[in-house]
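Since the structure comes first, as structure tokens, the remarks are kept for the end.
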Amino acid sequence: GAVVSQHPSWVICKSGTSVKIECRSLDFQATTMFWYRQFPKQSLMLMATSNEGSKATYEQGVEKDKFLINHASLTLSTLTVTSAHPEDSSFYICSARSLGYRNNYGYTFGSGTRLTVV
Amino acid sequence: GDSVTQMEGPVTLSEEAFLTINCTYTATGYPSLFWYVQYPGEGLQLLLKATKADDKGSNKGFEATYRKETTSFHLEKGSVQVSDSAVYFCALSVGAGNMLTFGGGTRLMVKP
């Protein structure tokens, strides 16, 4: 079945540094990538939607200059948290969507990245 | 806008008990409905789905029926196991290629 590989699974970084999270679709082409953020014991909140080769569309309240999303190819999307601060500590999950692939009605989730900023 | 409401947890059951997790929705269009499961420290996995009214999604003993008249998609399982302990999310999507809208999640704990 379809697989999205998300790395790293966890990362600890110092305040002020940047962290890059990668999501790769291993056996299908991800025309759309959704990036979610999940706070402890809460639901997933959509941060942004990106289509391959286009600029990402950010949800209201999400700083596009802080959360840089790149979807340069159909198999790779990255989220970079720039100048991270402790309040950015969270669980980040990507979800790939492929309209033409018969998998899970088209949504495949990565395993998530737990970011801790100290 | 679209929204999903599901019962708050945690839900604590003994092994082999019957499980129901309620989910209701509001949508501007005709949604597809999903249940996702999240095990500790992992991402979400699709559990089951239904794309039209009266469809029943089923997987691993879990079932949910798309009830348009009550705008509901309740998750049920006849006999839960300890390995079913996880967080369950109800979600909807309207239109092809659109994002998923999630409910708040319900934590299920099954005790032996």
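Order of the sequence lines sets the chain letters (A, B, ...), proteins ahead of strands, with each chain counted from 1. Not measured: the values here are computed from a predicted model.
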Can you hop from [X] to [Y] via hydrophobic side chains spaced under 4.5 Å?
X	Y	answer
A:Leu76	A:Leu74	no
A:Leu46	A:Leu68	no
B:Tyr39	B:Val11	yes
B:Leu92	B:Tyr30	yes

4.5 Å side-chain heavy-atom contact, [X] and [Y]:
X	Y	value
A:Ile93	B:Gln38	yes
A:Phe34	B:Leu100	no
A:Tyr36	B:Leu44	no

Kindly write out the residues that satisfy side-chain hydrogen bond (donor to acceptor under 3.5 Å, both in side chains) with A:Thr113, not counting sequence neighbours, or none if the list is empty. A:Gln6

Taking only residues two or more places apart in sequence, or in another chain, which ones meet A:Ser50 in a side-chain hydrogen bond (donor to acceptor under 3.5 Å, both in side chains)? A:His71

Return yes when atom CD of B:Gln81 has more than 12 non-hydrogen atoms of other residues, nucleotides or ligands closer than 6.0 Å, and no otherwise. yes

Please determine whether the number of non-hydrogen atoms from other residues, nucleotides or ligands lying under 6.0 Å from atom CD of A:Glu59 exceeds 12. yes

Need one label for [X]: side chain, backbone, both or neither, based on atoms under 4.5 Å from any heavy atom in chain A.
X	value
B:Leu48	neither
B:Gln45	neither
B:Phe102	both

What residues of residues 103-112 of chain B sit under 4.5 Å from chain A when you count only heavy atoms? B:Gly103, B:Gly104, B:Arg107

Is it the case that the ring center of A:Tyr107 lies less than 6.0 angstrom away from the ring center of B:Tyr36? no

Note: with side-chain heavy atoms under 4.5 Å as the link, the other cluster members for A:Ile69 come out as A:Val11, A:Val19, A:Ile21, A:Met33, A:Trp35, A:Met47, A:Tyr58, A:Val62, A:Phe67, A:Leu79, A:Val81, A:Tyr92, A:Leu115, A:Val117

